[in-house]
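Below is one structure, written out as C-alpha cells; comments come after it.
Below, chains carry the letters A, B, ... as their sequence lines are ordered, and counting in each starts from 1.
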There are 2 protein chains.
Amino acid sequence: MRQVPPHLPPRARPSTPLQAELNVEGHARQLERQVEQRLRDNDIRYTRGRRVVVESLAESDGPRSAAELSGDIGPSVPLSSLYRSLAVLEQAGVVIPHHGARTITRYELAEWLSGHHHHLVCSNCGFVEDVEIPESQEDQVRKLVEDISAAAAFSPNGHALEIEGLCSQCT
Amino acid sequence: MRQVPPHLPPRARPSTPLQAELNVEGHARQLERQVEQRLRDNDIRYTRGRRVVVESLAESDGPRSAAELSGDIGPSVPLSSLYRSLAVLEQAGVVIPHHGARTITRYELAEWLSGHHHHLVCSNCGFVEDVEIPESQEDQVRKLVEDISAAAAFSPNGHALEIEGLCSQCT
DNA sequence: ATGAGATTGAGAATCATACTCAATAAACTG
DNA sequence: CAGTTTATTGAGTATGATTCTCAATCTCAT
C-alpha cells in the first residue's frame with residue numbers, strides 16, 4: 001500500500017518563505033492555544049504526551065493511525081500512552097477518529113481546528129485525502145443534509161461526503 | 001448501546017400478506033440468482049457457507065458484524081470460515097464493509113443488490129441507519145461528487161453521504 | 001468415478017487496542 | 001514553599017477481532 005502522499009493542509013497558502021514561516025508558526029501557536037483552552041475548560045491537563053500528539057497531527061498531511069503517530073513521535077511516548085492520549089483528546093473533541101480502512105483507526109484534528117472538509121478514499125491504495133470544497137458547493141451539501149435529515153426525523157450535527165474511487169496515483 | 005432498531009429494507013413494501021410472501025420470496029430468489037451469477041462470473045463457488053452469509057445479510061435490518069452474523073447463523077459455520085466467506089464476498093463485490101464503530105467492521109449487501117443509499121450515524125447510540133433519497137436529490141449529490149472529483153483529479157467510483165447526529169430515539 | 005484444485009474446520013497466531021498497577025508529575029492547600 | 005491529593009505516565013499484560021495454517025473434505029471437469 002502506497003504511503004500517504006503529501007497534500008496541502010486546509011489553510012491559506014502563504015506566498016513567500018518568510019511569510020510562510022511566520023504564518024505557519026502563528027497558526028501553530030494559535031492552534032496550541034485553542035487546544036489548551038478547550039482542555040482546560042474540560043479540566044483536562046495539557047501534558048507533554050498530549051501536546052506531542054496534537055502537534056504531530058497538526059503537522060500531518062492526512063489522518064494518522066496510532067502506529068503511524070508512534071513512528072512520527074518516536075519512542076518517547078509508549079503506545080499505551082498514545083492510545084490513552086488519543087482517547088482523551090477524542091473525548092475533548094480535539095481529535096476525530098476516522099474508521100476508514102481495515103481494522104485500524106486513523107485520527108485527524110477536529111474540524112474546528114482543521115477546517116471542514118470531505119474525503120476522497122482511494123479503493124486501491126487506501127489513502128484518504130482531505131478535500132475542501134468551495135462555499136457554493138458546501139451550501140448545496142448542507143441543504144441536502146438538512147432535507148434528508150428532516151425527512152428521516154434525524155438531528156444532524158455534522159456530515160461527511162466520502163467519495164470512493166481511484167486517486168491520481170492509482171489511476 | 002441500543003440494538004439496531006428495525007427499519008424497512010430498501011425495496012418496495014408489498015401491500016397484502018399473501019403478496020408480501022410472494023414478493024419477498026421472489027425477491028429472495030432473484031437476489032440469490034444475481035449473487036450466484038456474479039460469483040460464477042468470477043469463478044467463485046457459491047457454497048453453503050457463502051450462501052448462508054448472503055441469506056443472513058439479506059434478512060438483516062442493518063449492517064452486521066462477523067460476530068453478529070455468527071450469532072444469526074449458529075454454530076454450523078465457524079467464525080474463521082465466516083470471515084473467509086465475507087472476504088470472498090467482498091472481493092466479488094457482493095458485500096460491502098462498513099467501518100463505523102470502534103474496532104469492529106459491519107457488512108451489508110452491495111448497492112447493486114440492496115439499492116443505493118446513504119447513512120445516518122447516531123453519535124449517541126452508534127446505530128447506522130440507511131436512507132434512500134429521492135432521485136432529484138441523488139442527482140444533485142452525483143453532480144457534486146463529479147465536480148469535486150474532477151477538481152481533485154480523482155476518479156470517482158461511488159460515494160456515501162454520512163450524516164452524523166442524533167437518531168429519533170436518542171434525541 | 002478420478003484427480004486437480006478449491007474450500008472448510010479447528011485451532012493457533014497476529015494485530016490493534018484496552019487494562020493494570022506501581023511510579024511520577026501536576027495542581028491544590030495551607 | 002512543603003505536604004497532600006489527584007491525574008497521568010510507563011511498562012507490561014490482557015482482550016477481542018481478524019487472519020493464518022494445515023489436514024480433511026468437497027467440487028468440477030474430465
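An angle of 40°, rounded to 10°, separates the two end axes of the helix from dA1(C)-dT30(D) to dG30(C)-dC1(D), each defined over five pairs.
Screening R40(A), Q34(A), R33(A) for a side chain to side chain donor-acceptor pair (under 3.5 Å) with E36(A), the sole residue that qualifies is R40(A). Of the residues listed (L82(A), V77(A), D72(A)), the one engaging S56(A) in a side-chain contact (heavy atoms from CB on, under 4.5 Å) is D72(A), and it is the only one.
Applying the side-chain hydrogen bond (donor to acceptor under 3.5 Å, both in side chains) definition to pairs two or more places apart or across chains, those involving residues 143-152 of chain A are K143(A)-D147(A).
The pair R38(A)-D41(A) does not meet the salt-bridge criterion, since no charged nitrogen lies less than 4.0 angstrom from a carboxylate oxygen. A salt bridge is defined here as a Lys NZ or Arg NE, NH1 or NH2 lying under 4.0 Å from an Asp or Glu carboxylate O, and R48(A) with E55(A) fails to meet this definition.
Between the OH atom of Y46(B) and the P atom of dC28(D) there is a distance of 14 Å, rounded to whole Å. In this entry the distance linking CD of E90(A) with C1' of dA18(C) reads 14 Å, nearest Å. Taking atom CG of residue L69(A) and atom P of nucleotide dA16(C), one finds them 13 Å apart after rounding to whole Å. R48(A) has its CZ atom 12 Å from the C1' atom of dT8(D), to the nearest Å. Atom CG of L82(A) and atom P of dC19(C) are 16 Å apart (whole Å). Atom C1' of nucleotide dA29(D) and atom CG of D43(B) are separated by 13 Å, given to the nearest angstrom. Rounded to an integer number of Å, the gap from CG of L39(B) to P of dT27(D) is 15 Å.
In this structure the side chain of L161(B) reaches within 4.5 angstrom of the side chain of I148(A), judged on heavy atoms.
Shown for residues 71-79 of chain B: residues whose heavy atoms fall under 4.0 angstrom of DNA chain C, namely S76(B), P78(B).
The CG atom of L166(A) sits 6.5 Å away from atom CG of N157(B), with the distance rounded to the nearest 0.5 Å. We find the CZ-CD distance between F154(A) and E164(B) to be 7.5 Å, quoted to the nearest 0.5 Å.
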For this session: Please lay out, stage by stage, how E138(B) and H118(B) fare under the test side-chain hydrogen bond (donor to acceptor under 3.5 Å, both in side chains).
Result: CA-CA 10 Å; E138(B) 190 53 45; H118(B) 297 283; 3.0 Å; yes
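For dA27(C), the OP1/OP2 oxygens have no side-chain nitrogen or oxygen of R40(A) closer than 4.0 Å. Residue Y83(B) places no side-chain N or O under 4.0 Å from the OP1 or OP2 atom of dT19(D). Distances shorter than 4.0 Å separate some side-chain N or O of R50(A) from OP1 or OP2 on dT8(D). Contact annotation: S80(A) does not reach the phosphate of dG10(D) (side-chain N/O to OP1 or OP2, under 4.0 Å).
The listed nucleotides are dC21(C), dC22(D), dA6(C); the one nearest the side chain of R84(B) is dC22(D).
Residue contacts for T47(B): at a heavy-atom cut-off of 4.0 Å it reaches the sugar-phosphate backbone alone, with no base atom in range.
Of the two residues contacting DNA chain C, namely R45(A) and S81(B), the nearest-nucleotide position lying further toward the 5' end is that of S81(B).
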